[in-house]
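Accompanying notes for the structure given below.
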2 protein chains.
Amino acid sequence: MDQTGEMVNKKRISESTIHRLSLYFRALSQLERENNETVSSKELAKREKLTPAQVRKDLSFFGSFGTRGLGYPVVELKNKIAAILGIDRSWKVALVGVGNIGSALVGYKEFTKQGFQIVKLFDNDQRKIGSNHKGIEVSDIDNIKEELTESDIELVILAVPAAVAQFVIDDVVRAGVKAILNFAPINLKVPDDIYLRNENMSMELEYLSFAMVNNHTPRKVR
Amino acid sequence: MDQTGEMVNKKRISESTIHRLSLYFRALSQLERENNETVSSKELAKREKLTPAQVRKDLSFFGSFGTRGLGYPVVELKNKIAAILGIDRSWKVALVGVGNIGSALVGYKEFTKQGFQIVKLFDNDQRKIGSNHKGIEVSDIDNIKEELTESDIELVILAVPAAVAQFVIDDVVRAGVKAILNFAPINLKVPDDIYLRNENMSMELEYLSFAMVNNHTPRKVR
DNA sequence: ATAATTTTGTGAAGCATTTCACATATTTGG
DNA sequence: CCAAATATGTGAAATGCTTCACAAAATTAT
């Protein structure tokens, strides 16, 4: 921020940096459980298979959080990163598609831990509608636009078959939701102001397959 | 290859390129279903939100598959990419941890479609051991080293709690498995010759959260 | 048959990201 | 209190990745 309070010179933060913040957050949570007061960029890097320079550079985009000669204060840095990532609050999430993948995600503890609370479920299967998953009743997907519009849900996870994903996402967008995580293996079209991310679980398996078949040397983990 | 028959000058193919090959494969499968004989880099790019130059450059690392003025032959290119990715064959996969995420993965059709066949399940829960999931009996995780060693399984998916993931992966590595896909949110230590990839589903949610809180402009999907 | 059009394949240029290296600040040890 | 050690923060260099731009090749239209 400059004197006017405006965020000036907001350097374009790379996607990789953001993903690494998630890793730092995870490592810091562990360091906190181990009762460490401080941590050096060296140790933090080691815990996530990165380089110390990378850690320092990443953090430097957001401020200077460390003390020379000492390192970073674990809890404080963890909280700072949480604030940067926006996980210092809770997010209400709707999950669409209570099938194979969907039902797994309803009970996925990591989401809850990071503040993502699944509070609404949708499906189109009459046998599922009205049923209860982990304490949440499944709503009819036909009402999704209305129900999402009326709710304070800001984030939607899509776990429906690829064949219907575009129709569903259109409704979700019409309901005013701005952030969507898609598990269907298809490239969905959304307006420019929607944040859409894809989770493609086969991709990493394919990477492993490629690596094995080609004796691919760089094995840096993601 | 040079005169000695050694693969020389094997350009380091980037991780991003490999991931995009997965996207091309997906798009080409769709184009095949739509009965397209050929496809241009422009169209292929459009279908996966990339640039035509990117598509051509990626493919050029592996050969020249197209015809100037015409484009790429859909089926042929699809097969070539499958061969590059090593998914022109089937892979026998073991899944460890038949819990929340694990059970979802057993029935995940995308894996099967790409040739990844889950043929063995392991868990440490007595109630699960011996039970049947999608036609596969759950084995006792205590025997994992022996059972994997005796099998022809080359790929393991880890879907166990973070707290035990390191112990389990140690056994998997001792059994001679060289490629592992880990779903536990923890950085696992493995020898240098093991291919380990991590699937961290919270990461993309955190990216969405970051984007929303910071009005992050670049919304290129992954 | 020829011209106009399309589209690939690829060096080179342009950008972006990572790593280096070091001045600076702080702590620790004697 | 001073010297040695530690560790950050950051420009600059190095590396890596993407886009540009165009010659070459093939197709399509006339």
Side-chain angles (χ1 to χ4, degrees), chain A residues 9-21 23-24 27-28 31 36-74 76-77 80-81 84 207 216-222, chain B residues 9-21 23-24 27-28 31 36-74 76-77 80-81 84 207 216-222:
Chain A
N9 214 357
K10 182 148 100 183
K11 263 193 237 64
R12 261 273 279 74
I13 306 296
S14 80
E15 178 172 320
S16 316
T17 293
I18 306 308
H19 281 326
R20 282 191 301 266
L21 288 187
L23 299 181
Y24 302 148
L28 288 162
L31 283 157
N36 293 281
E37 293 268 303
T38 59
V39 65
S40 64
S41 57
K42 196 174 161 189
E43 172 66 18
L44 202 43
K46 195 181 138 214
R47 295 208 176 202
E48 295 295 343
K49 282 204 198 95
L50 301 165
T51 66
Q54 179 92 83
V55 172
R56 296 201 298 277
K57 182 62 93 180
D58 280 340
L59 297 177
S60 79
F61 293 138
F62 303 97
S64 44
F65 308 117
T67 306
R68 290 164 191 220
L70 229 199
Y72 300 92
V74 170
E76 205 179 304
L77 182 59
K80 287 261 169 61
I81 291 181
I84 294 165
Y207 189 94
H216 194 57
T217 20
R219 250 160 301 96
K220 208 173 68 175
V221 285
R222 200 177 55 97
Chain B
N9 214 359
K10 181 149 100 183
K11 261 194 240 64
R12 263 274 278 73
I13 305 295
S14 80
E15 179 173 319
S16 316
T17 292
I18 305 308
H19 281 325
R20 283 191 299 265
L21 288 187
L23 299 181
Y24 303 148
L28 288 162
L31 283 157
N36 292 282
E37 293 267 302
T38 59
V39 65
S40 65
S41 57
K42 196 174 162 192
E43 172 65 18
L44 203 43
K46 195 182 137 213
R47 295 210 175 201
E48 295 296 343
K49 280 202 199 100
L50 302 164
T51 66
Q54 180 91 81
V55 172
R56 295 200 299 274
K57 180 62 89 180
D58 281 340
L59 296 177
S60 79
F61 293 138
F62 303 97
S64 45
F65 308 118
T67 306
R68 291 165 191 220
L70 229 199
Y72 300 91
V74 170
E76 205 179 306
L77 182 60
K80 286 262 169 60
I81 291 181
I84 294 165
Y207 188 93
H216 195 56
T217 20
R219 251 161 300 97
K220 208 172 68 175
V221 285
R222 197 177 55 100

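Lettering follows sequence order; numbering is per chain, from 1.
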Does [N] have OP1 or OP2 sitting under 4.0 Å from an N or O in the side chain of [X]?
X     : N      : answer
A:R20 : C:dT18 : yes
B:T67 : C:dT8  : no
A:S41 : D:dT8  : yes
B:Y72 : D:dA26 : no
A:S64 : D:dT8  : no

Figure out the [atom1]/[atom2] separation between [X] and [N], and round it to whole Å.
X     : N      : atom1 : atom2 : answer
A:R12 : D:dT18 : CZ    : P     : 13 Å
B:I13 : D:dC17 : CD1   : P     : 10 Å
B:L70 : D:dA25 : CG    : C1'   : 11 Å
B:I18 : D:dG16 : CD1   : C1'   : 15 Å
A:L59 : C:dT19 : CG    : P     : 15 Å
A:Q54 : D:dG9  : CD    : P     : 15 Å
B:R68 : C:dA4  : CZ    : P     : 21 Å
B:D58 : C:dT10 : CG    : P     : 13 Å

Between A:N36 (side chain) and A:L31 (backbone), is there a donor-acceptor pair under 3.5 Å?
yes

Would you say the side-chain atoms of B:T67 pair up with the backbone N or O of B:L70, donor to acceptor, closer than 3.5 Å?
no

Go nucleotide by nucleotide along DNA chain C from the 5' end; which of A:A53 and B:R56 gets its closest nucleotide reached first?
B:R56

Given that B:K57 and A:G69 both sit by DNA chain C, which one's nearest nucleotide is further toward the 5' end?
B:K57

Can you classify the ring geometry of B:Y207 versus B:H216 as parallel (below 30°), tilted (30 to 60°) or perpendicular (above 60°)?
perpendicular

So, applying side chain to side chain donor-acceptor pair (under 3.5 Å) with A:S41, which one of A:Q54, A:R56, A:K57, A:K46 is it?
A:R56

For B:Y24, which of B:I84, B:L77, B:V55 qualifies under side-chain contact (heavy atoms from CB on, under 4.5 Å)?
B:V55

